[in-house]
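Chain letters run A, B, ... following the sequence lines, proteins first, then strands; residues in each count from 1.
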2 protein chains.
Amino acid sequence: MRPMSLPVGLPALADSDLVGQIARILMQAIVQGRLPPGSKVVEAGVARELGVSRAPVREAARLLEKQGLLVASPRRGFFVRKLEIRNIDEIYDLRLCIERHASVLAAKRLSSESRDLLRRQIDVLHRTADLDDPARQVEEDYRFHRLIFEIADNRRLLRLFDDLAAELRMVIGLIGRLYDDPHEIARTHEPLLAAIEAGYPERITAHVDYHIGHAWREVGRLVRELSPPLGNPTEPSSILFPTVGVSV
Amino acid sequence: MRPMSLPVGLPALADSDLVGQIARILMQAIVQGRLPPGSKVVEAGVARELGVSRAPVREAARLLEKQGLLVASPRRGFFVRKLEIRNIDEIYDLRLCIERHASVLAAKRLSSESRDLLRRQIDVLHRTADLDDPARQVEEDYRFHRLIFEIADNRRLLRLFDDLAAELRMVIGLIGRLYDDPHEIARTHEPLLAAIEAGYPERITAHVDYHIGHAWREVGRLVRELSPPLGNPTEPSSILFPTVGVSV
DNA sequence: TAATCGTCGATTGTCGACACTTTAATCTTG
DNA sequence: CAAGATTAAAGTGTCGACAATCGACGATTA
C-alpha cells in the first residue's frame, strides 16, 4: 500500500477501474477478431453482456476511439476501425519512426541487466517457435519490442507503442500466421540486438528499418490480398464469445 | 452535404458534438493557464458552468486524460497534469522523433503549392513578430510546424503532433514569452525550410534537431527555473473566466 | 417496376438520482 | 494545546430513464 502519491504523476492503476476493465475487454475482443473491422459496437449490448450500465461503456469506447481502435460516427455509434491499406501504412510508418528512436535510446541506456532481458526474450522466441502457436508467437514478439521501449525509458513513447501495437495485433490476428517459419521470427531479432549492443545509431536504425520494414511489407501484402474480406460491414456480435464457433 | 461516407474513415466532425466541444473548452482553459497544472477538475463544477450534465464532461475528461493533459486519480477525480521536468523531456523527446520523420516525409512529398504554404507561413511569422503578441507568435509557430505534418500526409502522425502540441502550448503559455526576440523565431525557420527544399534527409534531421532542440533546452531551462511555482497544488477555479483579473 | 415518403423499432445523447468514498471541519481527550 | 477520533460536506462512480435521431421496412405514387 503505497502512501498515495501526489494527485498528478502517471495514471494511477485502480484496483476496480470499471472503465479500464471494459476498455481492456473491448480491446481484446477487437484484437482477437471477435469484433471484426467495420462491425458496430452497440453500447447497450456491451453493457448488458457485461452487466453494467451504458455510461462506463461509453467512456471506454471513447478511450478506444482516441487510441484508434474504434471510430465514432455521431448519432450512429462506434465502429471497429477498418483495415484500409492506408491505415496500415500510416501505423507502420509511425511505428518505424518511433522504434528507430526507441532502439537508439535503448542502446544508450543499455545495462547488463536489460541486455540479458533482451537476450532471454529472444530465447523465449526460439522456444515458442516450436509450439506452433501463432498467437503466442506474436505475443512474445510484441514483448521483445516492448522491452526495447521500456529500456528506452520514455513513458510516453511506451504508451504510444502500446497503442500502435494493439492495432497491429488486430491486423496480425486477423491475418493469422504471419511468417511461414516461426524460427525466422526469432532469428531476425538477433542482428537487431547485436546492433543495439554495438551502439552505433546508424547500424541500429538500419536494422530496425530492415526488421520492421519486413513486417510492414509482409502485412501490407497480406492485407492487400485479403482486402475484400477484411473490413467488410459486419453484423453486431457478442464480445464475450466467438461469433462463429461452438458456444452460444 | 456530402453523401454520408461509410461508417468508418476518419472521426467525422459533428456539428453539435457536445463531448468534443467540452474537450476543446477544457483544453483551451488548460493551455491558457486558467486551469493551472495540479489543479483539480471538478466534474459537477464544469458541468454547471457549461450548463450540461456530468456525463459528457466525464467523457471529455477521459479523452484529455488519454491525450495527456489530465491525470485521473480513481475516486479522487481529474487533475491537470503537472509540468515535471521529466514530462517536458519526454514530450520533447517524442516531438523531436516525429518531427524529424515528418520533415523528411514532407520533403519527399513537397510540391510547389506546399512549399509556398511554408514560405508564406514564415512571412506570417515575420509579420507577427512586429505585433508583440507572444500568444499569437506561439500560435503561428505552431501553424508552421503543423503544416509540415500536413504535408507529410500521415493522419496518425498529425493527430499525435496535435496532442503533443496541446501540452507544449500549456507549458509555453505558462512560461509566457519564449524568446526575447520574436524575429528570432521567424528567422530560425528559414534554414529548416531550406533543408526541406534541398531534400537531403541528413541535412533535414540536423536542422530539425537544432531547431527543436533549441526550444527543448529553452523550455527546459525556464521550467527548471519556475519549477516551484509551476505545478503547485491549486484551488479549483472557473474554466470560463480567468482566475485572476477583472471579471467575475 | 422503380423511386419516394412516412412510419416504427432500435440506438444514441443527455440527464438527474443515489450510494459510496474522500476530504474538510469539528469535536474530543490526553 | 496538539493529536487523534468523529461528523458533515463535497465529489465521484454508476445507474436507469427519457427525448431525439437514425435506419429499415413497407406503403404510395408516378
Under 3.5 Å between N/O atoms: give me all the protein pairs with nucleotides 8-10 of chain D, atom names plus distance.
none

*Would you say the side-chain atoms of Asn87(B) and Arg156(A) include a donor-acceptor pair closer than 3.5 Å?*
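Result is no, nothing qualifies.
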
*Going by an N to O cut-off under 4.0 Å, is there a salt bridge joining Arg143(A) and Glu140(A)?*
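Answer for the salt bridge query: yes.
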
_dT12(D), OP1 or OP2 - any side-chain N/O from Lys40(B) closer than 4.0 Å?_
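Indeed, a polar side-chain atom of Lys40(B) lies that close.
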
Residue pair [X] / [Y]: nearest heavy atoms and the distance that separates them:
X	Y	result
Ala102(B)	Leu157(B)	CB-CD2, 4.0 Å
Ile30(A)	Met170(A)	CG2-SD, 3.3 Å
Val223(B)	Leu83(B)	CG1-O, 3.7 Å
Leu147(B)	Leu117(B)	CD1-O, 3.6 Å

_Set of residues satisfying side chain to side chain contact (heavy atoms under 4.5 Å, CB included) with respect to Ala23(A), sequence neighbours excluded_ =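 Only Ala60(A) meet the side chain to side chain contact (heavy atoms under 4.5 Å, CB included) criterion with Ala23(A).
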
*In whole angstrom, what separates Glu65(B)'s CD from dT12(D)'s C1'?*
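Result: 14 Å.
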
*Taking atom C1' of dT22(C) as reference, at what distance in whole Å does atom CZ of Phe79(B) sit?*
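These atoms are roughly 10 Å apart.
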
*asked:* Go through it in stages, so that I can follow the logic: the residues are Arg62(A) and Glu65(A), the test is salt bridge (Lys or Arg N to Asp or Glu O under 4.0 Å), and I'd like the CA-CA distance, side-chain angles, deciding distance and then a yes or no.
replied: CA-CA 5 Å; Arg62(A) 279 252 136 76; Glu65(A) 186 206 356; 3.7 Å; yes

Considering only nitrogen or oxygen atoms on both sides, find all protein atoms under 3.5 Å from nucleotides 13-16 of chain D and state each distance.
from, atom 1, to, atom 2, distance (Å)
dG13(D), OP1, Arg75(B), N, 3.0
dG13(D), OP2, Arg58(B), NH1, 2.5
dG13(D), OP2, Arg58(B), NH2, 3.4
dG13(D), O4', Arg75(B), NH1, 3.3
dG13(D), N7, Arg54(B), NH2, 2.7
dG13(D), O6, Arg54(B), NH1, 2.9
dC15(D), OP2, Ser53(A), N, 2.6
dC15(D), OP2, Ser53(A), OG, 3.0

